[in-house]
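Written out below as structure tokens is the structure these notes cover.
As the structure lists them, so they are numbered: ligands from 1, and atoms in each ligand from 1.
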Amino acid sequence: MPGTEPLDLQSIVDDIHHELAPRLGEGKVADYIPQLARVDPTRFGMAVVTVDGSVYRAGDAEIPFSIQSISKVFTLTLALGKHGENIWKRVGREPSGSAFNSIVQLEQEHGIPRNPFINAGAIAITDLVLAGHTPREAIGEIVRFVRYLADDEDILIDHEVARSEAATGYRNFALANFMRSFGKLDHPVEHVLGVYFHQCALAMSCVQLAKAGLFLAASGSNPLTQHSVVSRQRARRINALMLTCGHYDGSGDFAYRVGLPGKSGVGGGILVAAPGKASVAVWSPGLNHNGNSLLGSLALEMLASRTGWSVFGG
Ligand code: GLU
């Protein structure tokens, strides 16, 4: 039980890493593209960046990995900045209860995806980010935004991952074509998916990711850079979406076990905001049956219980 004394966050992250060490390699690494399939399944990284700017690391916290769907948080933030609340004409705000790449719901709901964090919803958001841009410019805008958030010019896209995603992304093409057929995408499918595959191919370390997400834990501003990213209200709303929709159809379970807004990706990363406290990123490539990092979720469950940071009360 967390007490009233100051938290020793370095000991907490070290202990979590140590306790999970015997289990590294558990879960199933995503294998739909070779670049993800060949990632060492025993990798484990964790980074905690507190709102007062302290950074705590464990394991492979400095090694970049494919952030995949975690990028959806950054493009949602960009789209909200460009279009404001108008984005909700294109995408809903409800948990989907279906697999991340489900097409059935999209047909039933006439091309309006349930939320911005399932694939269809993220593709609709990427379409909005493309407004007024060529695909190349939109990709540049996304990379610049993430570098600005993390205050780190070294963040790159893994172009090999982007190429593989495009070569195998049949279902994403199906989702995008479906939305286009309902008149819910403004740009050609190839352009939208070109940008989408590149955003998913961003490679970032846990430390970079935790820094990039810090504005969500700190009421919309990044205390490390003093950059004001979004309003307090917008940060709160993005957190609400992450809590309810950030883990595909495992979102309820993640809220139950961890109790923090988070977004996972099939590369095995999870970005979490503990409002008023810290931004946390974890990476362990083995996934559970919902496509969320198995040990990453467990590490965050341990962190939440040891810090008392759950938004539902310590
Ligand atoms: N690039 C992946 C896809 O669109 C992302 C999946 C994910 O991380 O959820 O299939």
* To do: State which residue, out of Leu300, Leu298, Leu209, fulfils the side chain to side chain contact (heavy atoms under 4.5 Å, CB included) condition with Val282.
  => Leu300
* Asked: Does Val266 approach ligand 1 within less than 4.0 angstrom via side chain, backbone, both or neither, non-hydrogen atoms only?
  -> both
* Would you mind listing which atoms of ligand 1 come within a distance below 4.0 Å of any non-hydrogen atom of Gln68? => 1 (N), 2 (C), 5 (C), 8 (O)
* To do: For His110, look at atom NE2 and say whether over 12 heavy atoms of other residues, nucleotides or ligands are found less than 6.0 Å away.
  => no
* Asked: Counting only heavy atoms not in Glu107, do more than 12 fall under 6.0 Å of its CD?
  -> no
* Using distance alone, decide if ligand 1 has a nitrogen or oxygen within less than 3.5 Å of any nitrogen or oxygen in Lys72. => no
* pair Lys211-Asp151: side-chain heavy atoms closer than 4.5 Å -> no
* Can you list the ligand 1 atoms lying under 4.0 Å from a non-hydrogen atom of Tyr248? -> 7 (C), 8 (O), 9 (O)
* Record the part of Asn172 in heavy-atom contact with ligand 1 below 4.0 Å; permitted values are side chain, backbone, both and neither. => side chain
* Asked: Quick check: are there more than 12 heavy atoms from other residues, nucleotides or ligands sitting under 6.0 Å from OH of Tyr256?
  -> no
* **Close approach, Phe197 and ligand 1, non-hydrogen under 4.0 angstrom** => no
* Structure fact -> Within the 4.0 Å heavy-atom cut-off, what Tyr32 brings close to ligand 1 is side chain
* Polar proximity ligand 1 side, Ser264 side, N/O cut 3.5 Å exclusive -> no
* Under 4.0 Å from any heavy atom of Gly265, which atoms of ligand 1 are there? -> 8 (O)
* Under 4.0 Å from ligand 1, counting heavy atoms only, is it the side chain of Glu165, its backbone, both or neither? -> side chain
* To do: Heavy-atom distances under 4.0 Å are what count here, so tell me which part of Cys200 touches ligand 1: side chain, backbone, both or neither.
  => side chain
* **Sub-4.5 Å side-chain heavy-atom contact between Leu243 and Phe254** => no
* Asked: At a 4.0 Å threshold, what atoms of ligand 1 neighbour a non-hydrogen atom of Ser69?
  -> 5 (C), 6 (C), 7 (C), 8 (O), 9 (O)
* Result of checking Val146, Ile125, Val230 against Thr77 for side chain to side chain contact (heavy atoms under 4.5 Å, CB included) -> Val230
* Structure fact -> In ligand 1, the atoms that come under 4.0 Å of a heavy atom of Asn119 are 3 (C), 4 (O), 10 (O)
* **Main-chain N/O of Ile155 paired with Arg147 side-chain donor or acceptor, under 3.5 Å** => yes
* Sub-3.5 Å donor-acceptor pair from the side chain of Asn222 to the main-chain atoms of Gln226, do we have one? -> no
